[in-house]
Amino acid sequence: MLSRRITAAARPLAARALQPAARPVRTQIRCLSQADVEDPDMNGGYINPPRVKRQFRDPYGDWWDKQERRNYGEPVHEDNDILGIFSPEEYTHFTPGWGAVLFGTFVATVLGFSAVVSHMYPDKASVPKTYPDGLEAELGGPNALRARKHGEDQY
């Protein structure tokens, strides 16, 4: 009884081992989202509204859901997680060109101010201050680092 079961199970394996394995060629098409594919039956006939971020809708409009800026029964876009009000805000304060102008103005101002300060800032005193005996006793004795004596020109 057990031997019949083993031989019955081994027959399909032996038949498969003798046949060459035919592998179908599969290609995969990658899309950014399913909304980009023009197939009306792709999402079961669901009507996809226009792709508009909720950020750009009128914040003072008479919305049923004031936080999400949508009305009751309004179809939700299939990329609602990207287009919703809690998605990252799109930066529209100024264009990249105007941002480059502002950054260039800042860099030119800082470099210009640094050049003026480096040109006008005094390097050292006109006449270095000297002390009689180099303040040897006041600074701690003969092995201490002493101040400049009269007649010494080097630091």
Side-chain angles (χ1 to χ4, degrees), residues 13 16-17 19-155:
L13 294 176
R16 277 193 190 162
Q19 293 177 354
R23 295 184 182 165
V25 177
R26 295 181 184 152
T27 58
Q28 183 176 6
I29 299 173
R30 296 179 185 253
C31 296
L32 294 176
S33 71
Q34 293 300 325
D36 299 333
V37 179
E38 295 296 330
D39 187 5
D41 294 327
M42 187 72 145
N43 55 8
Y46 184 77
I47 299 170
N48 225 0
R51 186 179 176 94
V52 177
K53 267 182 92 73
R54 307 265 183 209
Q55 166 190 355
F56 299 123
R57 286 186 167 190
D58 182 20
Y60 304 108
D62 188 25
W63 303 107
W64 180 79
D65 183 3
K66 300 218 182 277
Q67 186 172 3
E68 272 291 320
R69 297 179 189 164
R70 62 183 295 261
N71 290 320
Y72 182 78
E74 179 182 353
V76 179
H77 195 277
E78 103 183 279
D79 291 332
N80 188 46
D81 55 342
I82 299 168
L83 302 174
I85 199 72
F86 294 113
S87 64
E89 187 171 331
E90 194 169 319
Y91 188 79
T92 58
H93 296 292
F94 47 80
T95 62
W98 181 243
V101 168
L102 292 177
F103 184 71
T105 304
F106 169 74
V107 169
T109 302
V110 168
L111 292 178
F113 182 71
S114 300
V116 168
V117 167
S118 69
H119 181 69
M120 303 294 259
Y121 193 75
D123 287 337
K124 57 183 175 179
S126 299
V127 178
K129 193 169 186 179
T130 59
Y131 298 96
D133 297 332
L135 297 176
E136 184 176 338
E138 289 84 357
L139 293 175
N143 293 332
L145 183 65
R146 59 184 179 81
R148 185 174 313 145
K149 289 184 183 182
H150 289 293
E152 289 181 350
D153 292 336
Q154 295 179 358
Y155 282 90

With rounding to the nearest 0.5 angstrom, report the CD to CG distance, Glu78 to Asp81. 10.0 Å

Ignoring hydrogens, what is the shortest heavy-atom contact between Pro49 and Pro75? Give both atom names and the distance. CG-O, 3.4 Å

Scan the side chains in residues 106-120 for donor-acceptor partners under 3.5 Å anywhere in the protein, sequence neighbours excluded, and list what turns up.
{"unit_1": "Thr109", "atom_1": "OG1", "unit_2": "Thr105", "atom_2": "O", "d": "2.7"}
{"unit_1": "Ser114", "atom_1": "OG", "unit_2": "Val110", "atom_2": "O", "d": "2.9"}
{"unit_1": "Ser118", "atom_1": "OG", "unit_2": "Ser114", "atom_2": "O", "d": "3.3"}
{"unit_1": "Ser118", "atom_1": "OG", "unit_2": "Ala115", "atom_2": "O", "d": "3.0"}

So for atom CG, which belongs to Asp62, do other residues, nucleotides or ligands contribute more than 12 heavy atoms lying within a distance under 6.0 Å? no

Closest non-hydrogen atoms of Tyr72 and Trp64, given as atom of the first, atom of the second and distance, are N-CB, 3.5 Å

Which donor-acceptor pairs under 3.5 Å do side chains of residues 83-98 form with protein atoms, sequence neighbours excluded?
{"unit_1": "Ser87", "atom_1": "OG", "unit_2": "Lys53", "atom_2": "NZ", "d": "3.0"}
{"unit_1": "Ser87", "atom_1": "OG", "unit_2": "Ile82", "atom_2": "O", "d": "2.9"}
{"unit_1": "Ser87", "atom_1": "OG", "unit_2": "Gly84", "atom_2": "O", "d": "2.8"}
{"unit_1": "Thr95", "atom_1": "OG1", "unit_2": "Trp98", "atom_2": "N", "d": "3.4"}

Test your reading of the model: is there a side-chain donor-acceptor pair from Asn48 to the backbone of His77, 3.5 Å cut-off? no

Nearest-0.5 Å distance, CG of residue Asn80 to CD of residue Glu68: 6.0 Å

Taking Arg69 for the side chain and Trp63 for the main chain, is one N or O donor matched with an acceptor at less than 3.5 Å? no

Using the test side-chain hydrogen bond (donor to acceptor under 3.5 Å, both in side chains), find all partners of Glu74 that sit at least two apart in sequence or belong to another chain. Arg57

